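Following: one structure in C-alpha cells, then a few remarks.
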Protein chains: 2
Amino acid sequence: MKGYLWQHEATAGQPKELLDWESVAIDAVGNVIEFWGFKRNQGRVWALLYLRDVALTAAEIEKDLALSKGGVSMLLRDLERWGVALRVRTPGDTSWRYRAETDLLKMARRVIEEREFSFIARIRADLEEARKLAENDATTTKAQVQRLKRMETLAEATEKALRLFLKTSRLDVGGMFEVFRS
Amino acid sequence: MKGYLWQHEATAGQPKELLDWESVAIDAVGNVIEFWGFKRNQGRVWALLYLRDVALTAAEIEKDLALSKGGVSMLLRDLERWGVALRVRTPGDTSWRYRAETDLLKMARRVIEEREFSFIARIRADLEEARKLAENDATTTKAQVQRLKRMETLAEATEKALRLFLKTSRLDVGGMFEVFRS
DNA sequence: CATGCAGTTCAAAACGGCTTGAACTATATG
DNA sequence: CATATAGTTCAAGCCGTTTTGAACTGCATG
C-alpha cells in the first residue's frame with residue numbers, strides 16, 4: 001500500500017518480445033503484487049512463467065521482460081525461496097529452467113508472516129519502552145501514561161488486524177487462488 | 001507494507017526538544033502509520049499532538065520534531081483534511097493551533113477507500129483488456145484464455161480481501177481505537 | 001502603505017529502494 | 001587444465017518520493 005504509478009504506457013516502444021496482451025496482463029499482475037508489498041518485477045516474472053506455462057530459462061526471461069541478468073537471477077531466487085517458482089533441469093539442457101508454481105498467495109503469506117509480524121512486534125516493544133521510561137520520570141502525569149497505554153493498544157490492534165487479514169486472505173483469497181491449481 | 005527502516009537511533013543527537021520517552025513513542029507511531037501507507041511524519045505529528053494533549057502551533061511542532069516550516073504546513077493540512085487534527089484559534093492568539101482528533105483510523109479508512117479501490121479497479125480493467133486482446137488473436141490457445149481468466153479472479157479476490165480488511169479494521173481495530181476517545 | 005509575522009507553494013536537494021552491469025564464481029566440456 | 005557458458009554478487013546509478021527552504025501571499029498593525 002504505497003504509491004503505485006503506472007507502468008504500461010511506459011512499456012511501449014521496446015524491442016518487443018512479448019505479445020501485447022501478454023505485456024498488459026503481466027504488468028497488471030506486477031501491479032497487484034506490488035500492492036501486496038513485493039517488487040513489481042517479482043510479479044511480472046511469475047506472470048510470464050504462468051502465462052507461458054512452459055519452463056523458461058533466465059536468459060529468456062531477461063529478454064522478454066527486458067530485465068538485467070543480475071536482476072533476473074535475484075528475482076528468480078526470491079520466487080524460488082518463496083516456493084512460487086520451480087527450478088527444473090530439462091534432460092539434455094545446459095541451463096536451469098523455471099516454471100510457475102501456481103499458488104501465488106503462498107508468497108504473500110510467507111513474506112508477510114516473516115517480516116510484518118516482527119515489524120509490529122518491534123513497534124510494540126518500543127511503545128512499552130517509552131511507557132517504562134515515562135513512568136520512571138517524575139514529571140510524567142497519569143494522563144500521559146494513560147495515553148501511552150492507549151498507543152500500545154493501537155499497535156496491538158494493528159497486529160490483530162494483520163493477523164485477521166492474513167487469515168481471511170487465506171480463506172477467501174486463498175480459496176479463489178486455488179483456481180490456479182491445475 | 002513496504003520497506004521500513006528504523007528511525008530512532010537516527011534521531012539521537014538533535015537539539016532535543018522532546019523527552020526521551022516522547023520521541024520513542026512518537027517514532028513508534030510514525031512507523032505504524034507508515035506501515036498503513038502514510039508518511040512517517042504524518043504519524044509523528046499526530047502522535048506529538050496526542051501525547052501533549054494541548055493545542056500546539058506549527059512553529060512548536062516544527063521545533064519539536066525538527067521538521068521544516070513548509071513540511072509542517074503540508075503535514076498539518078493532510079491531517080486536517082483527513083479529520084485527525086483540528087485547527088483551533090485560541091482567543092488572544094495570533095496564530096493557529098492544532099489538536100489531535102483521536103480517531104486515527106479515520107485517516108486510514110479515508111485514504112484507503114479513496115485510492116486503493118480505484119487502483120484495483122484499474123488492474124481488473126487491464127486484465128479484462130488483455131483477455132479481450134488475446135481472444136481476438138488467432139494464435140491464442142484456449143488454455144491461455146483460461147489462465148487470463150484466472151488472473152482476473154486474482155484481482156477480484158484482492159479487491160474482496162481489501163474490502164474485508166477495511167471492514168474488519170473498522171470493527172476490530174476501530175473498536176480498539178475507540179479507547180482513544182476521552 | 002511599510003513592516004512583520006503566519007502560512008503556503010514549489011523547485012531543487014536529499015533520501016531510499018530497485019536495477020544495472022561488470023567482475024566474479026561455479027560448472028560443464030574437450 | 002583451458003575454455004565457455006550459466007549463474008551470483010554488489011557497488012554505482014537511476015528514479016520516484018519526501019523534505020527542505022526561499023520566495024511568495026495574506027493579513028494585521030502602526
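Scope of the values below: all heavy atoms of this structure, side chains included, with no hydrogens, waters or symmetry mates. To find a chain, count down the sequence lines: A is the first, B the second, and so on, and within it residues start at 1. What you see is a predicted model, and the numbers here were worked out from it, not measured in a lab.
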If I take atom [atom1] in residue [X] and atom [atom2] in nucleotide [N], what distance separates them, rounded to the nearest angstrom?
| X | N | atom1 | atom2 | result |
| --- | --- | --- | --- | --- |
| L65(B) | dT20(D) | CG | P | 11 Å |
| E62(B) | dT19(D) | CD | P | 14 Å |
| R40(B) | dT19(D) | CZ | P | 9 Å |
| W96(A) | dT8(D) | CH2 | C1' | 15 Å |
| K63(A) | dA6(D) | NZ | P | 14 Å |
| D93(A) | dT5(D) | CG | P | 14 Å |
| I61(A) | dT20(C) | CD1 | C1' | 17 Å |
| L75(A) | dT8(D) | CG | P | 12 Å |

Do NZ/NE/NH1/NH2 and the carboxylate oxygens of [X] and [Y] come within less than 4.0 Å?
| X | Y | value |
| --- | --- | --- |
| D126(B) | R122(B) | yes |
| D93(B) | R97(B) | yes |
| E152(B) | R131(B) | yes |
| E128(A) | R124(A) | no |

Treat primed atoms plus P, OP1 and OP2 as sugar-phosphate and everything else as base, then score nucleotides 24-30 of chain C 5' to 3': B for base contact with protein heavy atoms under 4.0 Å, S for sugar-phosphate contact only, - for none. -------
Find the distance between [atom1] ([X]) and [atom2] ([Y]) and round it off to the nearest 0.5 Å.
| X | Y | atom1 | atom2 | answer |
| --- | --- | --- | --- | --- |
| D64(A) | L51(A) | CG | CG | 11.5 Å |
| K132(A) | L148(A) | NZ | CG | 13.0 Å |
| L56(B) | E62(B) | CG | CD | 13.0 Å |

Under the ring pair (Phe, Tyr, Trp, His ring centres under 6.0 Å) test, residues paired with W82(A) that sit two or more places apart: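 Partners of W82(A) by the ring pair (Phe, Tyr, Trp, His ring centres under 6.0 Å) criterion, ordered by chain and then number, come out as F38(A).
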Report each atom pair, protein N/O against N/O of nucleotides 9-13 of chain C, whose distance is under 3.5 angstrom.
{"from": "dT9(C)", "atom 1": "OP2", "to": "R77(B)", "atom 2": "NH2", "distance (Å)": "3.0"}

Would you be so kind as to tabulate the donor-acceptor pairs closer than 3.5 Å made by side chains of residues 67-78 of chain B, with sequence neighbours excluded?
{"from": "S68(B)", "atom 1": "OG", "to": "G71(B)", "atom 2": "N", "distance (Å)": "3.1"}
{"from": "D78(B)", "atom 1": "OD1", "to": "R81(B)", "atom 2": "NH2", "distance (Å)": "3.2"}
{"from": "D78(B)", "atom 1": "OD2", "to": "Q42(B)", "atom 2": "NE2", "distance (Å)": "3.0"}

Give the angle between the helix axes at the two ends of the helix from dC1(C)-dG30(D) to dG30(C)-dC1(D), taking five base pairs at each end and rounding to 10°. 10°
Let me spell it out: for each of L67(A) and T57(B), pick the nucleotide of DNA chain C with the closest heavy atom. Which residue's pick is nearer the 5' end?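 The residue mapped nearer the 5' terminus is T57(B).
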Results of salt bridge (Lys or Arg N to Asp or Glu O under 4.0 Å) for R87(A) - residues two or more places apart only: E80(A)
If you look at every heavy atom in L49(A) and A85(A), which pair is closest and at what distance?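 Scanning both residues, the minimum pair turns out to be CD1-CB, 4.3 Å.
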Please state whether the phosphate of dT19(C), meaning OP1 or OP2, lies under 4.0 angstrom from any side-chain nitrogen or oxygen of N41(A). yes
With sugar-phosphate meaning primed atoms plus P, OP1 and OP2, does R87(A) contact a base, only sugar-phosphate, or nothing at under 4.0 Å between heavy atoms? sugar-phosphate
